[in-house]
Amino acid sequence: MSLSAPSEESTQPTIQRELTAEEAALLELVQAPEGEGRAILDAATREVLGRAPVQTVADLEDAIARAKAAQPAWDALGHERRSEVLLAAADAIDANAEALARILSREQGKPLNGPNARFELGACSAWLRSAATTVLEPEVLVDDEQTHAELHYRALGVVAAIGPWNWPLMIAIWQIAPSLRMGNTVVIKPSEYTPLSVLAMISVMNEVLPPDVLIGISGDREVGARLASHPDVDKVMFTGSTATGRKIIESSAGNIARLTLELGGNDAGVVLPSADPQAIAQDLFWGAFINTGQTCAALKRLYVHESIYDDVIEALKSVAEQTPMGEGLDEANVLGPLQNKQQFDIVNRLVEDAKAHGARIVTGGAPAPELGELFYPITLVADVSDGTAIVDEEQFGPVLPVIKYSDVDEAVARANRLEVGLGGSVWGDPQEARAVAARIQSGTVWINSHGGLHPAVPFGGVKNSGYGLEFGVAGLKAVAATQVISG
Ligand code: NAD
């Protein structure tokens with residue numbers, strides 16, 4: 001293995017900022033030895049944070065073989081004991097939460113404060129505890145004089161978990177927690193952009209889990225492709241782009257792996273004439289800009305009734321101007337950089353294209369190099385219409401197109417015209433909003449908020465946003481094999 005630069009070159013000096021002793025100890029457990037591995041940059045400062053191990057397909061073969069060998073004993077522990085072990089793993093995450101949040105903040109870019117790094121660690125613990133304590137009982141299907149039939153949920157075997165770089169720890173837990181709870185073992189491949197934080201959390205969990213029940217593998221797309229298609233993998237939990245999701249569907253023809261696919265979205269929000277612009281501005285803002293817009297189910301297109309269009313834009317602008325952006329380790333900041341150059345370039349291209357098509361930039365609209373190489377300010381794009389790239393493509397960054405409409409039926413049709421359907425929201429009088437919500441084609445529709453999740457409430461997309469549900473009882477069923485006992 002050799003120390004190679006990441007796929008994107010940094011123009012900044014490679015000086016290691018001071019790590020706390022706890023951060024350094026955790027990184028030391030997971031990173032490649034000095035002089036080896038792949039350099040991982042701090043997203044805000046572009047300094048080298050550490051070295052990700054570069055594991056190969058041969059390492060993956062070994063990992064899957066070990067996970068397969070460990071699965072029967074893990075399953076045989078039974079639900080009660082597994083639940084205790086998973087709760088102990090959640091305690092271990094809590095005990096290391098601050099150090100993990102700091103590594104996450106550096107590697108991903110998200111600030112410690114706001115709905116960001118510390119919040120993400122809190123969610124990891126909460127979702128793990130929920131999966132540990134949620135009970136999936138066998139169901140009695142028929143019970144009469146002739147037949148007694150029950151539906152049982154058993155372990156599937158080895159689960160492959162493949163994740164993105166935006167909420168790397170929380171999404172890893174969404175995949176790991178239900179899988180382990182049901183008696184499966186897990187091989188997880190984090191995104192090559194954010195491997196260190198995920199490997200660090202896995203190493204913390206492995207302080208209490210039996211050996212080989214949860215194995216992290218740090219590799220590239222080739223390793224991901226082999227993991228998804230491996231004959232000894234029984235289920236793939238994938239969160240990432242629709243393009244990669246399609247490849248995983250194709251490879252599942254080979255191993256007949258069950259799939260849960262959480263793919264991209266382009267969530268619409270519809271603001272009804274009955275909404276109060278001032279009252280909804282904060283929630284609209286965070287619905288769009290949580291994690292600096294790098295969130296699958298963030299508000300990505302906002303349709304506002306013409307009667308309050310200017311007021312909503314003014315209210316959003318005012319929140320944007322009061323919300324600090326900068327380096328994540330600075331306690332004052334609640335917005336950060338884009339995580340990587342590729343995503344930064346997408347955001348920049350979409351805003352430039354909107355300008356070229358005559359859109360009005362209300363605030364932001366150009367990179368903010370004074371904050372750092374990958375910073376892009378909150379950008380509100382007005383007087384823009386469907387069919388422009390900023391509306392039709394997923395921006396996955398701190399930019400929101402705000403589109404004027406005059407008729408609610410027209411707004412619903414426009415919200416539904418794209419081939420994705422992860423989330424959506426309707427803002428205004430709650431009763432009126434509920435009626436409109438039923439007509440939006442997405443896996444979740446929120447009323448007067450956008451993007452809030454709960455560990456007991458199922459989450460999943462429709463259309464090209466994927467299939468399969470996560471969380472709660474539905475999430476446990478998704479990582480289980482069904483067995484009917486009849487007699
Ligand atoms: P991506 O699809 O490029 O990568 C995701 C993961 O897949 C990475 O770990 C990558 O190494 C791996 N991978 C790449 N090619 C593979 C292959 N052929 N087989 C198996 N694995 C492969 O996505 P990304 O850029 O990391 O994430 C951004 C996208 O993810 C956005 O579109 C966003 O909307 C979506 N996303 C969706 C959700 C959700 O819950 N629906 C959550 C977060 C992100």
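Along the sequence shown, residues carry numbers from 1. Counting starts at 1 for both ligands and their atoms, in listed order.
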Min over W174, F238, W167 of heavy-atom distance to atom 7 (O) of ligand 1 lands on F238

Nearest non-hydrogen contact to atom 6 (C) of ligand 1 from the set S465, G240, G163 belongs to G163

D386/R414 ion pair, N-O < 4.0 Å: yes

* Asked: Could E47 and R106 be called an ion pair, given the rule that one side-chain N must be under 4.0 Å from one carboxylate O?
  -> no

**Prompt:** Considering residues, nucleotides and ligands other than E352, do more than 12 of their heavy atoms fall under 6.0 Å from its CD?
**Reply:** yes

Q | Atom CZ of R349 with >12 non-hydrogen neighbours under 6.0 angstrom | A | yes

Distance under 4.0 Å to a non-hydrogen atom of [X]: what atoms of ligand 1 satisfy this?
X	answer
I171	42 (C), 43 (C)
E192	8 (C), 9 (O), 10 (C), 11 (O)
G224	19 (N), 20 (C), 21 (N)
W165	24 (P), 25 (O), 26 (O), 27 (O)
K189	9 (O), 10 (C), 11 (O)
I162	6 (C), 7 (O), 9 (O), 12 (C), 20 (C), 21 (N)
P164	26 (O), 27 (O), 43 (C), 44 (C)
S191	9 (O)

When L29, D94, V30, N96 are each screened for side chain to side chain contact (heavy atoms under 4.5 Å, CB included) with V204, the one that passes is N96

Starting from [atom], what is the nearest protein heavy atom, named by residue and atom, and what distance separates them?
atom	result
atom 18 (N) of ligand 1	K247 CD, 3.7 Å
atom 32 (O) of ligand 1	E394 OE1, 2.9 Å
atom 37 (C) of ligand 1	C296 CB, 3.2 Å
atom 3 (O) of ligand 1	R221 NH2, 2.9 Å
atom 33 (C) of ligand 1	F396 CE1, 3.3 Å
atom 41 (N) of ligand 1	L263 O, 2.7 Å
atom 13 (N) of ligand 1	T244 CG2, 3.7 Å
atom 43 (C) of ligand 1	N166 ND2, 3.2 Å

Notebook entry, point to check: Below 4.5 Å, heavy atoms only, C-beta onward: do R221 and E192 meet side chain to side chain?
Noted result: yes

Q. Are L227 and V233 close enough that some pair of their side-chain heavy atoms sits under 4.5 Å apart?
A. yes

| task | Evaluate side chain to side chain donor-acceptor pair (under 3.5 Å) for H450 paired with D283, printing each intermediate quantity in order. | result | CA-CA 7 Å; H450 195 114; D283 289 338; over 6 Å; no

Are Y303 and W427 an aromatic pair, judged by ring center distance below 6.0 Å? no

Under 4.0 Å between heavy atoms, the region of T242 that gets near ligand 1 turns out to be neither

Any heavy atom of T295 under 4.0 Å from ligand 1? The part involved is neither

| task | Return yes if a side-chain donor-acceptor contact under 3.5 Å exists between T260 and K235, otherwise no. | result | yes

Could you walk me through whether Y193 and Q342 pass the side chain to side chain contact (heavy atoms under 4.5 Å, CB included) check? CA-CA 11 Å; Y193 288 112; Q342 180 189 317; 2.8 Å; yes

- Task: Name the orientation class of the two ring planes belonging to W174 and F471 (parallel below 30°, tilted from 30 to 60°, perpendicular beyond 60°).
- Result: perpendicular

Practice prompt. Test side chain to side chain donor-acceptor pair (under 3.5 Å) on R129 and S125 and set out the steps.
Written response: CA-CA 6 Å; R129 287 177 198 285; S125 173; 3.1 Å; yes

N/O to N/O below 3.5 Å, does that happen between T239 and ligand 1?
no

